[in-house]
Amino acid sequence: MSTVTFGVTPGFGEKLHAALGYSGAVRVGDRVEISGQGGVDDDLVIPESLEQEIIQAFDNVERTLNTVGATWKDVIHVNSYHKVAPGDDVIGDDHNRVMAEQFRRRLGGRAPIWTESGVTVLGLAAMRVEIRVTAIVGSGD
């Protein structure tokens, strides 16, 4: 039987765990799944700039992966959720440009699969992006 380990990110993750009762990550054997990570700081404040919010979300994915011994280089699948206005039919280049820059910066040439979805609401009213990933520990070595 595989060992199951849950991770709670220090700071924002501890606040969300206390308020809503969920963990940020779970590791089963070498497989890691994380909950969606927004671009919030440890006080759950969202930056005004979309670019900074996306960068913060990537930082929070990294912090959350670390709670169970994984890194961005172990990531095999990314789901991203982007707030769009009702009736919009595309996720804007302002989102995609920063997402692609962060993939290149953090993944060291690895190209995981990516599912990008436009949504009209996220967990906090001011959020514009949320990112969740699946990783296999050691697969990026």
Side-chain angles (χ1 to χ4, degrees), residues 1-86 88-141:
M1 178 183 237
S2 295
T3 301
V4 176
T5 305
F6 291 96
V8 175
T9 310
F12 71 87
E14 294 166 327
K15 287 183 173 131
L16 293 170
H17 178 75
L20 301 172
Y22 72 93
S23 297
V26 63
R27 179 173 173 169
V28 181
D30 289 337
R31 184 181 182 91
V32 173
E33 301 282 347
I34 71 165
S35 61
Q37 301 300 308
V40 299
D41 67 13
D42 284 340
D43 294 318
L44 304 179
V45 175
I46 298 164
E48 287 186 31
S49 154
L50 173 64
E51 180 171 2
Q52 288 305 309
E53 181 180 351
I54 293 171
I55 291 169
Q56 184 68 54
F58 271 80
D59 289 345
N60 291 346
V61 167
E62 185 171 322
R63 290 174 63 192
T64 302
L65 286 167
N66 288 337
T67 68
V68 291
T71 72
W72 265 108
K73 291 187 174 153
D74 297 317
V75 171
I76 61 168
H77 184 188
V78 177
N79 288 96
S80 63
Y81 306 92
H82 304 264
K83 188 183 272 186
V84 297
D88 279 1
D89 61 358
V90 68
I91 296 167
D93 288 338
D94 52 344
H95 288 255
N96 289 327
R97 176 187 58 79
V98 181
M99 293 292 294
E101 287 171 358
Q102 291 303 303
F103 284 150
R104 288 184 187 104
R105 179 174 163 248
R106 295 171 191 262
L107 290 162
R110 188 177 182 110
I113 61 173
W114 177 25
T115 302
E116 182 183 37
S117 300
V119 299
T120 56
V121 296
L122 290 165
L124 297 172
M127 285 174 65
R128 293 163 288 188
V129 67
E130 188 170 342
I131 302 169
R132 72 154 311 280
V133 304
T134 301
I136 305 295
V137 176
S139 67
D141 294 337

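We number each residue from 1, following the sequence as shown.
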Rounded to the nearest 0.5 Å, what's the gap from [atom1] on [X] to [atom2] on [Y]? Could you check?
X	Y	atom1	atom2	answer
Arg97	Leu50	CZ	CG	8.5 Å
His95	Glu51	NE2	CD	12.0 Å
Lys83	Asp88	NZ	CG	12.5 Å

(message) Pair Ser23, His17 - check side chain to side chain contact (heavy atoms under 4.5 Å, CB included), show working.
(response) CA-CA 6 Å; Ser23 297; His17 178 75; 4.3 Å; yes
Please name the pair of heavy atoms, one in [X] and one in [Y], separated by the smallest distance, quoted to 0.1 Å.
X	Y	answer
Ser2	Val28	CB-CG1, 3.7 Å
Ile131	Ala57	CD1-CB, 3.8 Å
Thr115	His77	OG1-NE2, 3.5 Å
Val137	Val32	CG2-CG2, 3.8 Å
Leu122	Tyr81	CD2-CB, 3.9 Å
Val129	Glu53	N-OE2, 3.3 Å

(request) Using the test salt bridge (charged side-chain N to carboxylate O under 4.0 Å, His left out), find all partners of Arg31 that sit at least two apart in sequence or belong to another chain. (result) Glu33
(request) Among Val75, Val68, Leu65, find the one that has a side chain to side chain contact (heavy atoms under 4.5 Å, CB included) with Ile34. (result) Leu65
[X] side-chain N/O to [Y] backbone N/O, donor-acceptor pair under 3.5 Å:
X	Y	result
Arg110	Lys73	yes
Asn60	Gly38	yes
Trp72	Arg105	no

(request) Could you tell me whether the side chain of Arg27 reaches within less than 4.5 Å of the side chain of Thr67, counting heavy atoms only? (result) no
(message) Quick check: do Ile46 and Val40 have side-chain heavy atoms less than 4.5 Å from each other?
(response) yes
(request) For Glu62 and Asn66, test the side chains for any donor-to-acceptor distance below 3.5 angstrom and give the result as yes or no. (result) no
(message) Once salt bridge (charged side-chain N to carboxylate O under 4.0 Å, His left out) is applied, what residue pairs with a partner in residues 3-15 remain, sequence neighbours excluded?
(response) Lys15-Asp43
(request) In sequence, state the C-alpha distance, the side-chain angles, and the governing distance for Glu101 and Ile54, and then conclude on side chain to side chain contact (heavy atoms under 4.5 Å, CB included). (result) CA-CA 10 Å; Glu101 287 171 358; Ile54 293 171; over 6 Å; no
(request) Anything under 30° is parallel, anything over 60° is perpendicular, the rest tilted; go ahead and classify Trp114 against Phe103. (result) perpendicular
(message) Let's go through Thr64 and Thr9 carefully: what are the C-alpha distance in whole Å and the side-chain angles of both, what is the deciding distance for side-chain hydrogen bond (donor to acceptor under 3.5 Å, both in side chains) to 0.1 Å, and is it a yes or a no?
(response) CA-CA 5 Å; Thr64 302; Thr9 310; 2.8 Å; yes
(message) Can you tell whether the side chains of Arg128 and Asp94 come within less than 4.0 Å, N to carboxylate O?
(response) no
(request) Flag the pair Arg106 and Asp59 as a salt bridge only when some basic side-chain nitrogen lies within less than 4.0 angstrom of an acidic carboxylate oxygen. (result) yes
(request) Count the heavy atoms belonging to other residues, nucleotides or ligands that lie under 6.0 Å from CZ of Arg104, then report whether that count exceeds 12. (result) no
(message) Using the rule given for side chain to side chain contact (heavy atoms under 4.5 Å, CB included), can you reason through Arg63 versus Gln37, listing the C-alpha separation, both sets of side-chain angles and the distance that settles it, and then say yes or no?
(response) CA-CA 10 Å; Arg63 290 174 63 192; Gln37 301 300 308; over 6 Å; no
